[in-house]
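Written out below as structure tokens is the structure these notes cover.
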Protein chains: 2
Amino acid sequence: MVKYEQISNEMRKRLLDGFYSTDQPIPDEITLANQFNCSRMTMKKALDILVLEGFLYRKRGHGTFIVRTAIQTNKVNVISKDSLGLSHLLKGKGKIPASKIIKFNVEFPTEEIAAHLSIEMDTPIYDIIRLRIVDNEPYVIEHTYIPTTIIQGISEKVLSSSVYSHIKDNLGLTIAGSHRKIRACKPNELDQEYLGCLQNDPILEVEQVCYLNNGVPFEYSFSRHRYDKFEFTTVNIRR
Amino acid sequence: MVKYEQISNEMRKRLLDGFYSTDQPIPDEITLANQFNCSRMTMKKALDILVLEGFLYRKRGHGTFIVRTAIQTNKVNVISKDSLGLSHLLKGKGKIPASKIIKFNVEFPTEEIAAHLSIEMDTPIYDIIRLRIVDNEPYVIEHTYIPTTIIQGISEKVLSSSVYSHIKDNLGLTIAGSHRKIRACKPNELDQEYLGCLQNDPILEVEQVCYLNNGVPFEYSFSRHRYDKFEFTTVNIRR
DNA sequence: CAGTGGTCTAGACCACAGA
DNA sequence: CTGTGGTCTAGACCACTGT
């Protein structure tokens, strides 16, 4: 681990331990740099991380202060919790999702799907529908489109665990992030059949395009959730 | 404007203008630093911004490359568009929202509201319900709670324009960000009356807590949208 | 090996706020 | 004025990659 990460971790620990009083600024950057035997630039980089995580805020000409609410509540690392897959989301809660594969085909994309994945219409895609089940209760229907040219080797085994682990560990690719649209809509027949929802129970739909490190989109998906079992949480930080 | 921002802007312009070929890496950091008459650290900081914005990606030992999809589509600055208020959201589209104030009181908070705002139950709050109207069509009902101790001077005039401008420009406070929960739910009487939705039209609800720079929450709100007129968009970047 | 980005340093000057 | 954080520099060494 690099130096600024070590220092950042130590400082985060100190903040949570109450090492510094919240009534006054923490020591200035030069003092801290001396204490940690590093340059001021490195100290600043370490503190930058804690500012981004919401533990500290700076006032030019004043000093660096502790965000009280951040160390009182235990909402630690909310930011880094932002994840893509369901498997990863639920792991922290000691729950493991099961998957029922409703559809698993290779097909040609529609115009809309091709556009979202930046591929031609003659490029075959995996066309996948899965029902994800948690604690023996239906949780979400995921409709997923993945170009076969970009992600190879998807099997039923991969689908029943995590596609993202396959991409990361087996294929050695790096996921950069995703764009999402969240909307409310009315349930269709598939929702009513598999999620067991009534005709006027709303559905929360998350449309997502996932990108690799090099900007290539590799997945286009729709996740349809029961309105009483899911809400979407985001953290928005102004720059 | 500081140097690294100037350089970053110039480089963004070059990328969008097709100044560099997408088939090969852009010039290395030392070469660029010489061209821009700056140090390598400053050049790196300028490029960091473009990497965060999704225009560039780096490969250690290889070079810095252009994300093709980012300069093809015109989804520029998606990241920095993330905003809080409706006024700001619509300005870019040349639309100006009108507001109808349904409720504007000062009251004591419920236990739940006090908890979200980290205040005592004897601290008075503004209790506001507004209907926002765009193009003469009802758009969203916003239910807002703001501690009177933190944000002073809210008037009907402020409510009919932008609360956030008031906080920033009149009070000189800095907004740090917000936490949001997004869910689908069934419409209540208020929704049906003011949004004109039917009994089994879903509602998209956004629950939001906004924080100041120093970590103090200053606003707790619920925005209830017609399902056919709004979707929530987010950009998720992995670190 | 050479070329790239990643980190780190010691020091400098600037912008801002309060005394 | 002093003290704070914000920026910038010139140079150094390291880690990773393909030749």
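Just the heavy atoms: all of them, side chains too, but no hydrogens, waters or symmetry mates, feed the values below. Naming: A, B, ... by sequence-line order, numbering from 1 per chain.
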Between D:dT17 (P) and B:F65 (CZ): distance, integer Å
13 Å
Looking at the rings of B:H225 and B:F232, which for Trp means the six-membered one, are their centres under 6.0 Å apart?
no
Rounded distance (Å) that lies between atom C1' of D:dT7 and atom CD1 of B:I7:
12 Å
For A:M1 and for A:R40, find the nucleotide of DNA chain C with the closest heavy atom, then tell me which residue's nucleotide is more 5'.
A:M1
For a 4.5 angstrom cut-off between non-hydrogen side-chain atoms, does A:V106 reach A:I125?
no
Does A:E207 have any salt bridge (Lys or Arg N to Asp or Glu O under 4.0 Å) partners at least two apart in sequence or in another chain, and if so, which?
A:R183
Minimum-distance nucleotide (side-chain atoms of B:K45 versus C:dT9, C:dG18, D:dT7)
D:dT7
Looking just at side-chain N and O atoms, do B:D28 and B:T31 make a donor-acceptor pair shorter than 3.5 Å?
yes
Quick check for you: among C:dA17, D:dG11, D:dT4, whose closest atom lies nearest to any side-chain atom of A:D28?
D:dT4
Contacts of B:P27 and A:V2 projected onto DNA chain C by closest heavy atom; the upstream (5') one is B:P27
Under 4.0 Å from OP1 or OP2 of D:dG5: is there any side-chain N or O of A:T64 that close?
yes
Tell me: CG of B:L47 to P of C:dT4, nearest whole Å?
14 Å
Quick one: which of C:dT9, C:dG5, D:dC8 gets closest to the side chain of B:E29?
C:dG5
Under 4.0 angstrom, heavy atoms only, what part of the nucleic acid is B:N37 near: base, sugar-phosphate, or nothing?
sugar-phosphate
Please determine whether a side-chain nitrogen or oxygen atom of A:Y4 lies at a distance below 4.0 Å from atom OP1 or OP2 of C:dT7.
yes
Please report, rounded to the nearest Å, how far the P atom of C:dT4 is from the OH atom of B:Y57.
16 Å
Look at the side chain of A:K3 and decide which nucleotide, out of D:dA10, C:dT7, C:dT9, has an atom nearest to it.
C:dT9
Measure the distance from CZ on A:F36 to C1' on C:dC8 and round it to the nearest whole Å.
16 Å
Atom CD of A:Q24 and atom C1' of D:dT4 are separated, to the nearest Å, by 15 Å
B:S221: what forms a side-chain contact (heavy atoms from CB on, under 4.5 Å) with it, not counting sequence neighbours?
B:T144, B:Q208, B:E219
Close aromatic pair by centroid cut-off 6.0 Å: A:F222 and A:H143:
no
May I ask you to check whether B:T64 and B:R58 show a side-chain donor-acceptor distance below 3.5 Å?
no
Within the structure shown, what part of the strands sits under 4.0 Å from A:K44 by heavy-atom distance: base, sugar-phosphate, or nothing?
base
In whole angstroms, the gap separating C1' of C:dC8 from CG of A:D48 amounts to 15 Å
Please tell me if B:H62 has a side-chain N or O lying less than 4.0 Å from either OP1 or OP2 of D:dG18.
yes
Strand DNA chain D in bracket notation, Watson-Crick/G-U under 3.5 Å with | for pairs to another chain
||||||||||||||||||.
Return yes if the base of C:dG3 and the side-chain atoms of B:R60 contain a donor-acceptor N/O pair under 3.5 Å, otherwise no.
no
Rounded interatomic separation in angstrom, taking CE from B:M41 and C1' from C:dC8:
8 Å
OP1 or OP2 of C:dT9 versus the side-chain N and O atoms of A:T42: is any pair under 4.0 Å?
yes
State whether B:K44 and B:D48 are salt-bridged, where the test is any N-O pair (Lys NZ or Arg NE/NH1/NH2 against Asp/Glu carboxylate O) under 4.0 Å.
no
